[in-house]
Every structure is written in C-alpha cells, then in structure tokens.
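Contents: one structure, followed by commentary.
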Amino acid sequence: MNKYSKIIVPSIYVGVIAVMIVSSILVVSGVKNFLNEKNNYNYTLDKVFVKDTVPVSKTESNSIVKPYTNDKVKVWKYFYDFESDSKKQVNSLIYYENTYMQNNGVDYTYDEDFEVVSILDGEVISIEDNAIYGKIVTIKHNDNLKSVYSNVRDVLVNVGYKINQGEIFGTTTSYKPDTSVKSLLHFEVYYKDNAIDPENLYTMSVSDLK
C-alpha cells in the first residue's frame, strides 16, 4: 500500500500543477485578447450614437412649386409679354364680351377639375367673387410677393389662414367665358405689385423674390 502511495501521490501533484499552468496560460491569453478588443472598440454610448450623424429635422423648401399637382394639366393661355413673338401674344389674349384683354397670368386647363395648391408658405389675405372667374383667392408670401388663384370652387380656407406650400385649398371649375374649356385655373403672380409671368417662377427660389 505504501509503495503505490508514493507513486500515485506525486503523479496527482504533477497533474494538478499542469492544470494550473494551462489555466494560467488561458487566463493570460484571455486578458490579452480583451485588452486588444478594448483598444479596437469603445464600449460607450459614443459608439452606439455616431458623432457625425445629422439629426432628422423638418427642412423648408426654397423652391417654388406649381399651383396644381396633376401633371396632366396644360397651359391654355400664356402670360402676355410685350417682347414675345406675335403668335404667343395672340395666344395670350382673353376674349370676353366682344373685348380682347391682355392676360396678366397663365390659364391652366384639364379635362377634369383638379386640385389647387399654394406655391409657397403664406397667408390668405383675400377671398373674392368675380363675374368672370368666380372665387378668387389671394395669398401673400412676403412683403413683395403675392399669388392669385382664380376660378376656384370649394375653397377650404378663410382670410387670415396661414397656409403651407403645396397645401390644397380648392378645386378648379368650368370657365364661364368659354364653355369648350372643361376646367380652368387662372393664376397670377405679383412681385412688388407688378404682374410677372408665373411660368418663369418654377426655376426660381424664394430668395430671388425677396
């Protein structure tokens, strides 16, 4: 019994020592790996939320939109320009009660009634009734710029209403002076109280008309 004890006991010690050595190696290796990973990654909220991320916020458009959303709407009568060619000038005249009048705006038409929207943010300053154009809505956008929408029905706004760009506020209707026109929007724009061609606006920005 004592003979075998002398052999077995030292063997157990050697095994225990070997396990301890292997465990120490694994622990040291694990610590090294952790330190390397820590250098490569920063486990903080700064890594979760990237510093260069731009906060999501509402941005206002600086461009001017058309007074309608239906892309099938076409120009019927153009703005009368003294410098344009004679053919376009003829197409810029409005005939009513045996009288020809120069068009101060643009007449947009389509086979069906279409929605009317504000070209920019602004305030409704006038809603009137007119013998030729029915309801006329005027919106002030800044001290120098106003837009006027005529031949509108089902007006959804009141005077003093703060309107957003692209907001629907009415619908077009038939045109009394010419029954061949199914539905029409007569649109005018005034800059510093002078009528300007609305068709030139859609390539401009608000800053151009301050």
Side-chain angles (χ1 to χ4, degrees), residues 60-81 84-141 145-191 195-206 209:
E60 295 183 358
S61 173
N62 193 44
S63 60
I64 299 170
V65 301
K66 295 181 178 181
Y68 54 85
T69 57
N70 189 333
D71 58 6
K72 295 180 180 179
V73 171
K74 303 295 183 183
V75 174
W76 181 56
K77 295 286 186 181
Y78 286 93
F79 177 85
Y80 188 90
D81 187 347
S84 63
D85 59 76
S86 58
K87 184 178 179 180
K88 190 171 183 180
Q89 285 181 342
V90 170
N91 194 38
S92 303
L93 294 175
I94 299 172
Y95 183 74
Y96 181 66
E97 293 184 344
N98 299 319
T99 303
Y100 285 96
M101 299 175 289
Q102 297 168 355
N103 196 359
N104 285 332
V106 174
D107 292 333
Y108 296 104
T109 61
Y110 184 53
D111 293 339
E112 301 174 358
D113 295 342
F114 52 94
E115 296 172 331
V116 182
V117 304
S118 178
I119 61 169
L120 289 167
D121 293 349
E123 179 183 350
V124 178
I125 60 172
S126 176
I127 300 175
E128 302 174 356
D129 290 305
N130 182 272
I132 302 176
Y133 291 115
K135 290 285 186 185
I136 301 176
V137 179
T138 302
I139 298 175
K140 179 180 178 180
H141 304 291
L145 185 66
K146 292 186 296 185
S147 57
V148 183
Y149 312 73
S150 304
N151 211 52
V152 181
R153 65 175 177 85
D154 299 335
V155 177
L156 302 175
V157 295
N158 297 314
V159 173
Y161 180 79
K162 305 294 184 182
I163 196 166
N164 296 318
Q165 182 184 53
E167 182 176 350
I168 298 168
F169 65 86
T171 309
T172 58
T173 186
S174 58
Y175 183 48
K176 292 180 181 179
D178 192 336
T179 56
S180 66
V181 178
K182 299 294 181 61
S183 195
L184 176 140
L185 170 66
H186 177 72
F187 180 56
E188 300 176 5
V189 176
Y190 291 86
Y191 177 62
I196 60 175
D197 187 352
E199 284 289 290
N200 292 333
L201 288 177
Y202 313 130
T203 58
M204 301 174 68
S205 65
V206 182
L209 297 167

Reported CG-to-CH2 distance for the pair L184 and W76, which is rounded to 0.5 angstrom = 6.5 Å

Neighbour count above 12 (heavy atom, 6.0 Å) for K77 NZ = yes

request  = Please answer whether the main-chain N or O of N164 pairs with a side-chain N or O of D121 as donor and acceptor at a distance below 3.5 Å.
outcome  = no

request  = Calculate, to the nearest 0.5 Å, the distance between atoms CD1 and CD belonging to I139 and Q165 respectively.
outcome  = 11.0 Å

ask   = Parallel under 30°, tilted from 30 to 60°, perpendicular over 60°: which one fits the rings of H186 and Y133?
value = parallel

request  = Could you go through the ring pair (Phe, Tyr, Trp, His ring centres under 6.0 Å) check for F169 and Y149 one step at a time?
outcome  = CA-CA 10 Å; F169 65 86; Y149 312 73; 5.0 Å; yes

ask   = Between atom CD of Q89 and atom CZ of F79, what is the distance when rounded to the nearest 0.5 Å?
value = 11.5 Å

request  = Tell me, with the steps shown, if K162 and E123 meet salt bridge (charged side-chain N to carboxylate O under 4.0 Å, His left out).
outcome  = CA-CA 5 Å; K162 305 294 184 182; E123 179 183 350; 2.9 Å; yes

ask   = Can you list the steps and then say if L120 with V65 is a side-chain contact (heavy atoms from CB on, under 4.5 Å)?
value = CA-CA 7 Å; L120 289 167; V65 301; over 6 Å; no

ask   = Any side-chain heavy-atom pair from I125 and K146 closer than 4.5 angstrom?
value = yes

ask   = If you count the non-hydrogen atoms of other residues, nucleotides and ligands that lie under 6.0 Å from CD in E199, is the total more than 12?
value = yes

key: Distance-only polar pair, side chains of D113 and S183, donor-acceptor under 3.5 Å   = yes

query = Any sub-3.5 Å donor-acceptor pair from T172's side-chain atoms to F114's backbone N or O?
reply = yes

request  = Answer yes if the side chains of Y161 and E167 hold a donor-acceptor pair under 3.5 Å, and no otherwise.
outcome  = yes

